Amino acid sequence: MKKELEKTYNPNIESKIYKNWLEKKYFHADADESRQPYTIMMPPANITGVLHVGHSLTFTIQDSLIRFKRMQGYNTLWMPGTDHASISTEVKIVDALNAEGINKRDIGREKFLERAWAWKEKYGGTIVSQLKLMGVSCDWDRERFTMDDGLSNAVLTTFIHLYKKNYIYRGEKLINWCPYCRTTISDSEVEYEEKDGYLYYFKYPIEGGGYIEFATTRPETILGDTAVAVNPDDERYANLIGKLAIIPVIGRKIPIIADSYVDKEFGSGAVKITPAHDPNDYEVGERHKLERISVMTDDGRMNENAGKYQNQTSKDCRKNVIRDFDELGLYIKKESIKHNVGTHERCHTIIEPLIKLQWFVKMADLAKPALEVYNSGKLRIFPARFGKVYAHWLENIRDWCVSRQLWWGHRIPAYYCKSCGEVFVGLEAPDVCDKCGHTEFRQEEDTLDTWFSSALWPFSTLGWPEKTKELEYFYPTSVLVTGHEILFPWVIRMVFSGLELMGDTPFKDVMLNGIVRDDQGRKMSKSLNNGVDPIQVIEQYGADALRLMLVTGNALDNDTRFYWSRLENARNFLNKLWNATRFVMMNMDSETNCANSSDFSDSSKGAVTDKWILSRANTIGREVTNRMDNYDLGMAAQMAYDFIWDEFCDWYIEIVKPRLYNKEDPTRLSALWTLKKVLIIGLKLLHPFVPFITEEIFTTIQDSEETIMFSNWIEFDPSLQYPEEEKLAGLFQQAIKGIRAARLEMSVDPSKKINAKLVSDDERIRGFFESIRKSFVMMAGASTFEIFVLSARKSGDIVNENDVPVIIDGATVYISLDETVDREKELERLNREKKKIESELSRCEVKLNNPGFLSKAPEKLVSEEREKLRKYNYMLTKINDRIAAATV
RNA sequence: GGGAGCAUAGCUCAGUUGGGAGAGCGCAUGCCUUACAAGCAUGAUGUCACAGGUUCGAGCCCUGUUGUUCCCACCA
């Protein structure tokens, strides 16, 4: 029973197909030593998220690679999952609680975590169900969450491991503090925004007389100053070095020091140093063993060290300090400046650098092997330019602050003796403190940076630290595909974690994709309200159209723009493919199933054009495969697209029609066999990008349940190369195009039939056109078509003066119309043709007359040029004859 | 301040080791030709940013200039 296809492609088939794939468990992969694995770890989606078109792009790329490899016979695993997204989620839950009038500290940790898990249950599923609409073929049976028992165990095991190797330490250092979220954040979570501000000038009195002038953007930190620094080469201040300056208001005496960090040209050339509230000052402080005086509290107010300013907000304090200095005559002026201010990327609160006791991962030793695998070429990064960024970051890496003052996340497995404060790191608190003998402990309140768990994703999801067969088989994975914005926070951390804990890189290749922008090139953002909802796109055009649009027409590492017109184009292509299938199926009958390759290969049954299109399909298959292997999906999809639309639909299907319509035609079966064969090749080449429609057509046309997902990928077959046939088909195209152009040029009514004559001394050309006579007649809109050997007759016997010539390589086609030809127009056309040929000819001649070209260019190129010269000379002679005849 | 990318048709972008400038959209003209009007045919439009250099030959390689985007650092 054969299915009928609707006249227009309707993407509503997608959900049914996806359901079938899930039921058949096609996406599931198990360890199987007899087969080669191909593995991709899906970047875990945040449970706060909804699907946006950026996801659509990166998941389309991954799915295309997975489907390509699956068809090539690999045992493919695409591991999906979600991320607890510690701070993002916590911020959202806190907001939700605030809306109910609840403060998170009022309900306490336990109750808060209950809310968080409820959130996870509710929203974690949303993005997964949205992903499924995209057609992603990941193994949902293996879906993981970063706070699953297994993955949490991996996190604790890692922490303990690193602690035992002294890679994790606790220390008091300057960290980035978000006063709104009241937690530390890492350097990569700080976003710099340019803001308008002031540079304030003050002066401190110097002990023993005189003043020293300095400038600052943050007068409130004066209270934490422990030095004034000048450049050692600055002669203006040379005599002041070593003296003491006095901070008025609080009366502290601080040294004037010399440090090359100070820029002589900026401001007054002297800098106040606040080691507790500025990263650079912190380093100066380290070098000069300065005291670190913290003057701020966790919520951004002034603390007890600020003396009379205690409890003021930093804003008020700033105002008051300026006023007080002014009264003392020590405030000089302010200047407007633009400067970059660090803000928290999640809540955009201005970051306060503070000194805090935190947990850190020591990076120097971990970074080395991660750099080494890149330098040795073991880890490849696409596009290559990001490799330099990767290396540069690792070479300049700083210790990683991993503790967060949050509740939603993995609680640090450290325990403090309640009596002496001794620290123990382990899965559980010890029974007895081995320092003081006490038996009561409290667990560290802090949780870990969310990236600490995602850094383990490539192996924690496969069961690590257990030695599972999945881990053994699927690790290391094949390629990681993700956006370049998380190269630092995620990719690099996976690499050094994998090397440290698994002894091998987590993936062989890294492929970084760009972002999807709006049609004006702007980033999609909530504030601009220019985001495109992929779910809406899918409902309207289908996932296949969205996928095809995202993947074609752009190099994948480039940012791409979202255009509805491009989406329509993709949809139109799918409709084209759909209708090509309808055409093939419409002509198939019981006989068709008997058609086989011998109908094609037997020269009495097959046709030149069959060999041509199959030869092209074979070549395109090889090209598409090459592109896929190099992650050039955009070009791969484009080639398949062009082949189907231009060559298969616009030429082959048109050419083949007369043979199909005539049931007596001996080459009919070959035509049907070729149509189906080439269509299936096209479906396979397209399946990685547009999985739904290709599956629907594949099963329909074969009248079988067998999925295209496991059908064999196209293998290049040298025996299917037919260069001679390709050349002849090219001549046919030249002739038809020429005739069509001439007809339009001469304003011949489209319904008007013309008479056509082909004149050639080349026997193969005559034979070929003889064999394709009916297609020629149809496509040229001709009523008669005669073929002559010129050398056997005088041209006057064949061609009359009203005939219009179309010159192709090795032959001339004359078309004659009943009405008189417009002489002038005809001459115009001929002269334009002539000009074109002449310019080609002169290009050839210039090259061939150049001794340098002859002696240095490759032989192949030279002979190609000679062949062109011959061809254009032939065409020029023909056209000159014609012009001469027409002018008489 | 350091690093990287980009500059090709009206718009958005391809152009794989240097060897006759391309696509989609848009535009113009004509066609409802029995797979498809979500279609077909034909056509117009480019000092490949600018200036040098290497080469027999440069959109592609090198140097410089201009414009633009991004990343890193964050000079108080």
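In what follows, chains are A, B, ... by sequence order, proteins preceding strands, each numbered from 1. If you're wondering where the values come from, they're calculated on a predicted model, not measured in any experiment.
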| field | Stacked cation flag A:Lys334 on A:Tyr198, 6.0 angstrom / 45 deg | value | yes
Roughly how many Å apart are [M] and [N], using the [atom1] atom of each and rounding to a whole number?
N	M	atom1	result
B:A4	B:C40	P	46 Å
B:G57	B:A41	P	41 Å
B:A49	B:C13	P	15 Å

| Do A:Asn340 and B:C74 share a donor-acceptor pair, side chain to base, under 3.5 Å? | yes
| message | Whether the side chain of A:Arg571 and the base of B:A38 hold a donor-acceptor pair under 3.5 Å is what I'd like checked. | response | yes
Which pair of heavy atoms, one from [X] and one from [Y], lies closest together, and at what distance?
X	Y	result
A:Ser783	A:Lys753	CB-CB, 3.8 Å
A:Pro275	A:Leu174	O-CD1, 3.9 Å
A:Pro219	A:Arg318	CD-NE, 3.6 Å

| request: Write down the distance between NE2 (A:His484) and P (B:C72), rounded to a whole number of angstrom. | output: 11 Å
| message | For A:Ala229, is there any backbone N or O sitting under 3.5 Å from a side-chain donor or acceptor partner on A:Asp259? | response | no
| remark: 5' to 3', nucleotides 8-20 of chain B under a 4.0 Å protein heavy-atom cut-off (B base, S sugar-phosphate only, - none) gives ----SSS-B--BB
| said: OP1 or OP2 of B:C25 versus the side-chain N and O atoms of A:Asn569: is any pair under 4.0 Å? | reply: yes
| Hey, is the side chain of A:Asn572 poking within less than 4.0 Å of OP1 or OP2 on B:G39, counting only N and O atoms? | yes
| request: Tell me the stems RNA chain B sits in, counting at least three consecutive Watson-Crick or G-U wobble pairs, each under 3.5 Å on both distances. | output: B:1-7 with B:66-72, B:10-13 with B:22-25, B:27-31 with B:39-43, B:49-53 with B:61-65
| Hey, do the aromatic rings of A:Phe214 and A:Tyr201 have their centres closer than 6.0 Å? | no
| said: Over all strands shown, is A:Glu654 touching base, sugar-phosphate only, or nothing at heavy-atom distances under 4.0 angstrom? | reply: base
| said: Please tell me whether A:Arg582 and A:Asn579 have a donor and an acceptor in their side chains that are separated by less than 3.5 angstrom. | reply: yes
| query | Does the side chain of A:Asn231 pick up a donor-acceptor pair with the side chain of A:Asp263 at under 3.5 Å? | reply | no
| query | Roughly how far, to the nearest 0.5 Å, is CG of A:Asp278 from CZ of A:Arg218? | reply | 7.5 Å
